[in-house]
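Below you'll find the structure, written out as structure tokens, and then a few comments.
Numbering of ligands and ligand atoms starts at 1, following listing order.
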Amino acid sequence: MIRVGVIGCGNIGGVHAGILKEINQTELCAMADIQIERAREYSARFTEGNGAVYESMEKMLEEEDLHVIHICTPHNCHVPMAVKALKKGMDVFMEKPPAISREQFQELLKASKESPGRLGICFQNRYNETTRKVSELLDEGSLGRIKGARAFVTWHRDAPYYTESGWRGKLETEGGGALINQSIHALDLLLSWLGKPVWTEATMRNHHLKEIVEVEDTLEAYMVFTEGPEPVSASFYATTAYVADAPVFLELVCEYGFVRLEGTSVWYQKAEDEEPVIWRAPKTAIPGKAYWGNGHQACIQDFYDCLESGRAYANDLGSAENTFYTMMDIYDSARNEER
Ligand SMILES: NC(=O)c1ccc[n+]([C@@H]2O[C@H](COP(=O)([O-])OP(=O)(O)OC[C@H]3O[C@@H](n4cnc5c(N)ncnc54)[C@H](O)[C@@H]3O)[C@@H](O)[C@H]2O)c1
């Protein structure tokens with residue numbers, strides 16, 4: 001059995017712990033949270049009280065002989081924690097974002113290269129059935145080349161979501177808002193199909209919680225992927241000031257038709273004279289919120305299958321590089337616009 005510890009027993013840590021309980025290869029041995037009562041509650045809920053509880057990752061690593069840790073803590077903790085574990089040669093599965101600054105990303109890259117431990121990043125939406133369907137349609141080739149794309153993430157986050165967490169809404173701990181936290185997955189998918197932008201321009205605002213958060217609640221970006229007479233571009237819009245959590249919308253306009261992903265559906269048309277087709281992902285009992293997908297289980301299971309077999313894990317740090325640096329470029333452009 002692979003001995004695992006979870007750090008950060010809040011909202012998403014429970015999704016990880018629940019999945020670790022179900023996976024055949026893993027034993028959830030320990031959990032850590034600075035709010036130790038949360039770790040105790042996890043131990044009771046996911047290990048019938050058998051899992052050890054700690055107030056810090058450091059203490060947990062000192063006391064326990066673990067193979068893997070899952071990092072489910074606030075954004076600013078991801079890199080310091082991952083680096084510590086990688087330096088001990090451990091395997092690490094880390095929630096998004098991979099870092100909150102370029103310096104942090106470089107530090108993580110160095111630690112990852114120097115460690116025998118493996119690092120997986122939780123970009124679970126890559127495993128969604130809808131994502132695979134879009135990739136399949138593009139790979140088939142009949143849609144032709146991608147001419148452009150758009151993405152919309154329109155969600156609702158209210159004041160308590162920030163004030164009750166202690167870390168959200170602050171630049172120092174969250175690193176940003178609607179982009180780095182809520183819509184990084186949509187950006188990641190868009191870039192997986194379009195590649196690396198050669199030009200990025202963006203603006204951002206805080207519309208609805210001005211006195212409460214210092215990060216953006218709304219951001220738009222224009223990205224150009226190839227220049228020349230027929231440039232390939234994408235329009236990206238993310239907000240947490242909407243009235244509801246609407247399903248994520250992504251569209252790729254191609255040479256001969258289009259493909260649109262909205263929530264659990266994919267809508268496509270391969271030629272102008274063909275009827276559009278609506279494909280719906282099969283209903284599933286796997287946990288996950290409808291508006292951000294239920295890819296966690298497949299993403300985490302694949303990580304352990306890779307550890308066991310020695311196969312390379314697709315969601316490694318290298319695979320996150322384009323998304324991370326494009327996100328930082330978008331923020332730089334938006335911050336310049338603000339001045
Ligand atoms: N992949 C996804 O779709 C997805 C969804 C939700 C959250 N997340 C990510 O998961 C992470 C956690 O988000 P959340 O919503 O669960 O936050 P949360 O506030 O609900 O949970 C974080 C927990 O970490 C604990 N913590 C803080 N500092 C700590 C430290 N130094 N040591 C140990 N524990 C510490 C807090 O006490 C809290 O219990 C974030 O990086 C977030 O972006 C990812």
(message) What I want to know is whether Ser165 and ligand 1 share at least one N or O pair that is separated by under 3.5 angstrom.
(response)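 The answer is no, given that Ser165 and ligand 1 share no N or O pair closer than 3.5 Å.
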
(request) Would you check whether Ile12 has a nitrogen or oxygen atom less than 3.5 angstrom from a nitrogen or oxygen atom of ligand 1? (result)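 Yes, there is a polar N/O contact under 3.5 Å.
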
Identify, by atom number and element, the atoms of ligand 1 in contact range of [X], meaning under 4.0 Å from any of its heavy atoms.
{"X": "His185", "answer": "1 (N), 2 (C), 3 (O)"}
{"X": "His75", "answer": "40 (C), 41 (O), 42 (C), 43 (O)"}
{"X": "Gln35", "answer": "37 (O)"}
{"X": "Met81", "answer": "30 (C), 31 (N), 32 (N)"}
{"X": "Asn181", "answer": "43 (O)"}
{"X": "Arg38", "answer": "38 (C), 39 (O)"}
{"X": "Pro74", "answer": "24 (O), 26 (N), 27 (C), 28 (N)"}
{"X": "Ile7", "answer": "33 (C)"}

Between [X] and [Y], is any side-chain donor less than 3.5 angstrom from a side-chain acceptor?
{"X": "Asn181", "Y": "Lys96", "result": "yes"}
{"X": "Trp155", "Y": "Thr239", "result": "no"}
{"X": "Ser319", "Y": "Asn315", "result": "no"}
{"X": "Glu95", "Y": "His16", "result": "yes"}
{"X": "Gln35", "Y": "Glu55", "result": "no"}
{"X": "Glu174", "Y": "Asn76", "result": "no"}
{"X": "Glu220", "Y": "Thr203", "result": "yes"}

(message) Looking at Tyr331, I'd like to know if the NZ or CZ of Arg335 sits under 6.0 Å from its six-membered ring centre while staying within 45 degrees of the ring's axis.
(response)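 Judged by the rule (NZ or CZ under 6.0 Å from the ring centre, within 45° of its axis), Arg335 counts as positioned above Tyr331.
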
Which option out of [options] puts a heavy atom nearest to [atom]?
{"atom": "atom 43 (O) of ligand 1", "options": "His296, Lys96, His78, Met57", "value": "Lys96"}
{"atom": "atom 36 (C) of ligand 1", "options": "Thr173, Asp33, Asn11", "value": "Asp33"}
{"atom": "atom 33 (C) of ligand 1", "options": "Ile71, Ile100, Ile34", "value": "Ile34"}
{"atom": "atom 17 (O) of ligand 1", "options": "Gln182, Glu95, Arg168", "value": "Arg168"}

(request) Determine whether the aromatic ring centres of Tyr127 and His296 lie less than 6.0 Å apart. (result)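 No, they do not, as the ring centres are separated by 6.0 Å or more.
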
(message) I want to know whether His156 and Tyr242 have ring centres closer than 6.0 Å.
(response)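 Ring centres of Tyr242 and His156 not closer than 6.0 Å.
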
(request) Answer with side chain, backbone, both or neither: which part of Asn125 has a heavy atom less than 4.0 angstrom from an atom of ligand 1? (result)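 Answer for Asn125: neither.
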
(message) Can you tell me which portion of Trp167 lies within the under-4.0 Å heavy-atom range of ligand 1? Options are side chain, backbone, both, or neither.
(response)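 It is the side chain that touches ligand 1; the backbone stays farther off.
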
(message) Contact between ligand 1 and Cys72 is defined here as a heavy atom of the residue under 4.0 Å from a ligand atom; is it met?
(response)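 Distance cut 4.0 Å: Cys72 passes for ligand 1.
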
(request) Answer yes when Asp188 and Arg126 have at least one side-chain N-carboxylate O distance shorter than 4.0 Å, and no when they do not. (result)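 Judged by the 4.0 Å cut-off on N to carboxylate O distance, Asp188 and Arg126 do form a salt bridge.
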
